Undergrad: 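Before anything else, here's the structure in question.
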Amino acid sequence: QVQLVESGGGLVQPGGSLRLSCAASGSIFSIYNMGWYRQAPGKQRELVAVITSIGRTNYADSVNGRFTISRDNAKNTVYLEMGSLTPEDTAVYSCTAARAMYTYWGQGTQVTVSS
């Protein structure tokens with residue numbers, strides 16, 4: 001019912017910044033809790049940040065203070081602003097939409113932090 005398309009990934013130098021976007025369609029965006037996950041090669045998928053339908057946010061300890069999640073309900077879009085990036089942030093970042101027992105996933109966008 002919900003389709004999610006991520007964009008904004010790419011190559012960035014250590015210490016740099018990047019903004020990811022996730023555009024949603026197919027349902028009522030404003031009632032969903034939105035989140036970002038990431039998965040590096042050979043590692044377990046990690047929940048990075050969450051923003052609820054009323055705007056409450058939560059972050060993984062590894063990114064707290066460096067990343068900011070936000071949403072624009074008028075544009076059906078959720079964002080992840082990433083700063084002070086390190087090579088450990090290299091991963092495929094995926095957007096999620098969740099409501100009750102239903103969770104939807106985007107295909108992901110690659111973020112590579114390297115000199």
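The figures that follow rest on heavy atoms only: side chains count, while hydrogens, waters and symmetry mates do not. None of the values given here were measured: they were computed from a predicted structure.
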Undergrad: Taking side-chain hydrogen bond (donor to acceptor under 3.5 Å, both in side chains) as the test, write out the residues that go with Ser7, two or more places apart.
TA: none

Undergrad: State whether a side-chain donor-acceptor pair under 3.5 Å links Gln110 with Thr90.
TA: no

Undergrad: Roughly how far, to the nearest 0.5 Å, is the OH atom of Tyr93 from the CZ atom of Arg45?
TA: 14.0 Å

Undergrad: Under the side-chain hydrogen bond (donor to acceptor under 3.5 Å, both in side chains) test, which residues partner Asn64, sequence neighbours left out?
TA: none

Undergrad: What distance separates Asn73 CG from Met34 CE, expressed to the nearest 0.5 Å?
TA: 9.5 Å

Undergrad: Provide the full list of disulfide (SG to SG under 2.5 Å) pairs with a residue in residues 17-115, sequence neighbours left out, each pair given once.
TA: Cys22-Cys95

Undergrad: In Å, rounded to the nearest 0.5 Å, how long is the span from CG of Asn76 to OG of Ser27?
TA: 9.5 Å

Undergrad: Can you tell me how far CD of Glu6 sits from CG of Leu4, rounded to the nearest 0.5 angstrom?
TA: 6.5 Å

Undergrad: Please name the pair of heavy atoms, one in Leu18 and one in Gly10, separated by the smallest distance, quoted to 0.1 Å.
TA: CD2-N, 4.0 Å

Undergrad: Can I get a per-line list of side-chain donor-acceptor pairs under 3.5 Å for residues 96-109, giving both atom names and the distance, sequence neighbours left out?
TA:
unit_1	atom_1	unit_2	atom_2	d
Thr96	OG1	Gly35	O	3.4
Thr109	OG1	Gly9	N	3.3

Undergrad: Side-chain heavy atoms nearer than 4.5 Å, only ILVMFWY residues, links allowed to pass through others: does that put Tyr37 and Val48 together?
TA: no

Undergrad: If you look only at distance, which donor and acceptor atoms sit under 3.5 Å apart when one is on a side chain in residues 81-89 and the other is two or more places apart or in another chain?
TA:
unit_1	atom_1	unit_2	atom_2	d
Thr86	OG1	Glu88	N	3.3
Thr86	OG1	Glu88	OE1	3.1
Asp89	OD1	Arg38	NH1	2.9
Asp89	OD1	Arg66	NH2	3.0
Asp89	OD2	Arg66	NH1	2.9
Asp89	OD2	Thr86	N	2.9

Undergrad: Below 4.5 Å, heavy atoms only, C-beta onward: do Ser115 and Gln13 meet side chain to side chain?
TA: no

Undergrad: Check whether Ser114 reaches the backbone of Thr112 with its side chain - one donor and one acceptor, N or O, closer than 3.5 Å.
TA: no

Undergrad: Check whether Tyr59 reaches the backbone of Ile69 with its side chain - one donor and one acceptor, N or O, closer than 3.5 Å.
TA: yes

Undergrad: Here's one to test your reading of the geometry: is the NZ or CZ of Arg71 within 45 degrees of the ring axis of Phe29 and under 6.0 Å from its centre?
TA: yes

Undergrad: What side-chain donor-acceptor pairs closer than 3.5 Å can you find for residues 49-56, not counting sequence neighbours?
TA:
unit_1	atom_1	unit_2	atom_2	d
Thr52	OG1	Ile54	N	3.3
Thr52	OG1	Gly55	N	3.4
Thr52	OG1	Arg56	N	3.1

